[in-house]
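Here the structure is laid out as structure tokens; the discussion comes afterwards.
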Number of protein chains: 2
Amino acid sequence: MATRAVRGLGQYSGVARAVERVGERWALLIVRDLLHGARRYSDLKQGLPRIPTNILSDRLKELQEAGIVRRVPTVRGGYELTPYGRALEPAVLALERWGISALGEPGDDEIVTADVLATMLRAAFRPAEAAALPPTEYVLHVGGASVSATVIGDRLDIVPVGPGALPQPARAVSAEPPEAILELLAEPPVFAGLLSGDGTGAGAAEIDRVSVLAGRPSFVERFTRTFHVERVGPAADGEQVAADTAVA
Amino acid sequence: MATRAVRGLGQYSGVARAVERVGERWALLIVRDLLHGARRYSDLKQGLPRIPTNILSDRLKELQEAGIVRRVPTVRGGYELTPYGRALEPAVLALERWGISALGEPGDDEIVTADVLATMLRAAFRPAEAAALPPTEYVLHVGGASVSATVIGDRLDIVPVGPGALPQPARAVSAEPPEAILELLAEPPVFAGLLSGDGTGAGAAEIDRVSVLAGRPSFVERFTRTFHVERVGPAADGEQVAADTAVA
DNA sequence: CGGGATCCCAAGCGATACTG
DNA sequence: CAGTATCGCTTGGGATCCCG
């Protein structure tokens, strides 16, 4: 049984409410995956390999009760976000940005899924920078997952590609793809570094370690300008604090 | 003992990392309070009435190990965020915005602290709107907590006021306060409604229930323009889904 | 006043088995 | 494929006491 809500945090606060509703283990990762479209039970389970099936079931039930998730009537075992759940996107992307900047090395059995990759891209996407660049399609292969990110103006569209991706139904705008295409292959940490590198000096190390499978290598710089997150390492402990900070 | 980290989520993902580091119960609320300045152990405990002391101790230890929090050398029992921890601010505010829009009625023993109030204000603050308005100081009394929010141009400064607030040390800019002042008193749910109301029609109900203790009542509208979050109720279940959403 | 130690309960969780 | 049922166990977390 989905127990919960008995343990409020005792604060009339937005963050507290948010934590009460999506703070349970796994909950936010389910939301993250659903942000990219409806998913079936087995899709979710596959994307979250370490989640026990009963926990997935519990979370989905709780998220439904909270009005964050609902079933897709037409699809057996299908789930999707409600508008209320979709409103979590800014928060999820903000957390993603923070997390990206200190991903470190992958753990032994840590995987990268298409949804993980898509979230990284959407978190790192900079519409203002992108708008100034020519339309480009980026095909990324990172740690076994593959997505195609098409950037036209300040718009970003991501679709899963390659083996393992189900046929994508009814793309609204199947206008002709941009003529500029860049296809990259990179190990997960290299890819993370590519997103959070400073682009010029230090980031060059990552650039050398990505394989350009198709497209002009100079497009890599276009990619790093389009997709970028500020690096904020965990306490290099180098700098001094403003010691006069108030202890109120 | 602070056990943890044994249970990774198995994904090389920013959100997963974020959840692993600040997903523990209470952790994000501690960060939230520390976002407004250094705090002592007892301050934190007071602001989080339901947290057991050992859990607070554990969390602070874990947050330190993660490089998110560090001790303030000059203050006994003082804690503050590292730059890495402060980088969580966008994520915290995004969660706050989402949480505010469905706060509902306060639970029996839910409290509002000055830090809670300050977080609400900072989450709801709209610099672009504020910049067009004259400098104004808003003094808010909500559910026992009181803060003063001074808005000058697109800048927002918040200081705790009234009984319970320690003397505020060394305000850098103690320039003369704005001549326009609005002092409000409201019950917590009324205040939340004020922030997420639509400002005109439906929001009027909240406006009638706030007490203007000082300043011109017309300034209330200035307040709601300066501080606002989109309302996204949990599943009014009214509208239809785009049924063609991909289940990929 | 800051914070560590201990006890104890149950919730949250994970693995496995089972069912429509 | 989409879950439910059961079980054991870890551990989070609440209360209380204790120490510097």
Side-chain angles (χ1 to χ4, degrees), chain A residues 1-11 16 19-30 33-34 38-65 69-80 109 166 247-248, chain B residues 1-11 16 19-30 33-34 38-65 69-80 109 166 247-248:
Chain A
M1 157 88 80
T3 359
R4 184 47 14 177
V6 216
R7 315 192 300 157
L9 296 167
Q11 288 195 156
V19 168
E20 287 164 2
R21 291 193 181 126
V22 293
E24 295 296 312
R25 196 167 159 82
W26 298 112
L28 211 56
L29 295 185
I30 294 170
D33 282 3
L34 289 179
R39 293 288 182 272
R40 266 165 299 189
Y41 191 90
S42 52
D43 298 327
L44 293 169
K45 203 169 151 187
Q46 206 167 1
L48 274 16
R50 293 249 267 258
I51 195 175
T53 177
N54 59 336
I55 298 294
L56 176 55
S57 177
D58 283 0
R59 290 295 171 273
L60 285 171
K61 243 176 293 177
E62 295 162 12
L63 290 171
Q64 281 178 84
E65 281 165 24
V69 160
R70 69 180 156 211
R71 309 196 70 128
V72 180
T74 59
V75 180
R76 278 263 310 171
Y79 295 88
E80 67 182 354
D109 47 0
L166 296 194
V247 176
Chain B
M1 156 89 81
T3 357
R4 193 17 58 130
V6 217
R7 314 192 300 159
L9 297 168
Q11 289 196 156
V19 169
E20 287 164 1
R21 291 193 181 126
V22 292
E24 294 295 312
R25 197 167 157 82
W26 299 111
L28 210 57
L29 296 185
I30 294 171
D33 282 2
L34 289 178
R39 294 287 183 272
R40 268 164 297 189
Y41 190 92
S42 51
D43 298 327
L44 293 169
K45 202 168 151 188
Q46 207 166 2
L48 275 16
R50 294 248 267 259
I51 194 176
T53 176
N54 59 334
I55 298 296
L56 176 55
S57 178
D58 282 1
R59 289 296 171 272
L60 285 170
K61 243 176 293 177
E62 294 163 13
L63 290 171
Q64 281 178 83
E65 281 166 24
V69 160
R70 68 180 157 211
R71 309 197 67 130
V72 181
T74 60
V75 180
R76 279 265 308 173
Y79 294 88
E80 68 182 354
D109 48 0
L166 297 193
V247 176

ask   = Between C:dC1 atom P and B:Lys45 atom NZ, what is the distance in whole Å?
value = 10 Å

inquiry  = Rounded at 0.5 Å granularity, tell me how far CD in A:Gln11 sits from CG in B:Asp33.
reply    = 6.5 Å

message = Treating primed atoms plus P, OP1 and OP2 as sugar-phosphate and everything else as base, which nucleotides of nucleotides 14-20 of chain C get B, S or - for protein heavy atoms under 4.0 Å?
response = BBB---B

Phosphate OP1/OP2 of C:dG2: any B:Ser42 side-chain N/O under 4.0 Å = yes

query = Taking atom C1' of C:dA11 as reference, at what distance in whole Å does atom CD of A:Glu62 sit?
reply = 12 Å

note = Interatomic distance, CG@A:Leu60 vs CD1@A:Ile55, rounded to 0.5 Å, equals 11.0 Å

key: Sidechain-backbone polar pair: B:Glu20 side chain, B:Leu9 backbone, donor-acceptor under 3.5 Å   = yes

query = Would you say A:Tyr41 reaches D:dT4's phosphate, i.e. side-chain N/O to OP1/OP2 under 4.0 Å?
reply = no

request  = Starting from C1' on D:dT11, measure out to CD on A:Glu24 and report it in whole angstrom.
outcome  = 14 Å

task = Name all residues meeting the side chain to side chain donor-acceptor pair (under 3.5 Å) criterion together with B:Ser42; count only those two or more places apart in sequence or in a different chain, and write none if there are none.
result = none

inquiry  = I want to check one thing: is the phosphate of D:dG3, taken as OP1 and OP2, less than 4.0 Å away from some side-chain N or O of A:Ser57?
reply    = no

ask   = Once Watson-Crick and G-U wobble pairs under 3.5 Å are found, how is DNA chain D written in dot-bracket notation, 5' to 3', with | for any base paired to another strand?
value = .|||||||||||||||||||

ask   = If we only count heavy atoms from C-beta on, is the B:Ile30 to B:Tyr79 side-chain gap below 4.5 Å?
value = no

note = Taken to the nearest 0.5 Å, the spacing of A:Leu63 CG from A:Asp58 CG works out to 10.5 Å

key: Atom-to-atom span, CG of A:Leu56 to P of D:dA2 - whole angstrom   = 11 Å

Distance in angstrom units between A:Asp43 CG and D:dA2 P, rounded = 7 Å

Between C1' of C:dG4 and CG of B:Asp58, the distance in whole Å = 10 Å

query = The side chain of B:Lys61 lies closest to which of these nucleotides: D:dG13, C:dG4, D:dG3?
reply = C:dG4

task = Would you kindly give the CD-to-P distance between A:Gln46 and D:dC1, to the nearest whole Å?
result = 9 Å

ask   = Taking atom C1' of C:dG2 as reference, at what distance in whole Å does atom CZ of B:Arg59 sit?
value = 19 Å

ask   = Rounded to the nearest 0.5 Å, how far does OG1 of B:Thr53 lie from CG of B:Leu44?
value = 11.0 Å

ask   = Which pair of heavy atoms, one from B:Arg40 and one from B:Arg76, lies closest together, and at what distance?
value = CG-O, 3.5 Å

task = Calculate, to the nearest 0.5 Å, the distance between atoms CD and CZ belonging to A:Gln46 and A:Arg39 respectively.
result = 11.5 Å

